[in-house]
Amino acid sequence: MKKTILLDSARITLFSSLLIAPLAWQPANAASACKGMEQAACETNAECRWQAGYTRKDNVQVASHCRALPKKKEAVTEPAKTLDKPSTP
């Protein structure tokens, strides 16, 4: 009897994990719309740029790939500063 309860709880845990894992993975998958694009498609997309291949300092070869452009920060406008002049009597 105890064996079946343990097996049932293990199955429920495993099944629940399999259902929840894809939901936790989605934000990482949606990180870049440019990921995996071919060069021609990347160069025509206004949100992407083509990164040429290069060699890092540790001699690892990085292949050419499409990258997303950095997000633009919204400009914060500050009110104009006024200089207060001392009043003269």
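Separation of atoms CD (Glu38) and OG1 (Thr44) is listed at 11.5 Å; rounding is to 0.5 Å. Here Gln61 contributes atom CD and Tyr54 contributes atom OH; the two are 10.5 Å apart, rounded to the nearest 0.5 Å.
Enclosure of atom CD in Glu47 is not indicated, since only 12 or fewer non-hydrogen atoms of other residues, nucleotides or ligands lie within 6.0 angstrom.
Ser64 places a side-chain N or O within 3.5 Å of a backbone atom of Gly53 that can act as its donor or acceptor partner.
Here the two cysteines Cys42 and Cys66 have their SG atoms closer than 2.5 angstrom.
Counting only heavy atoms from C-beta outward, the side chains of Lys35 and Met37 never approach each other to under 4.5 Å.
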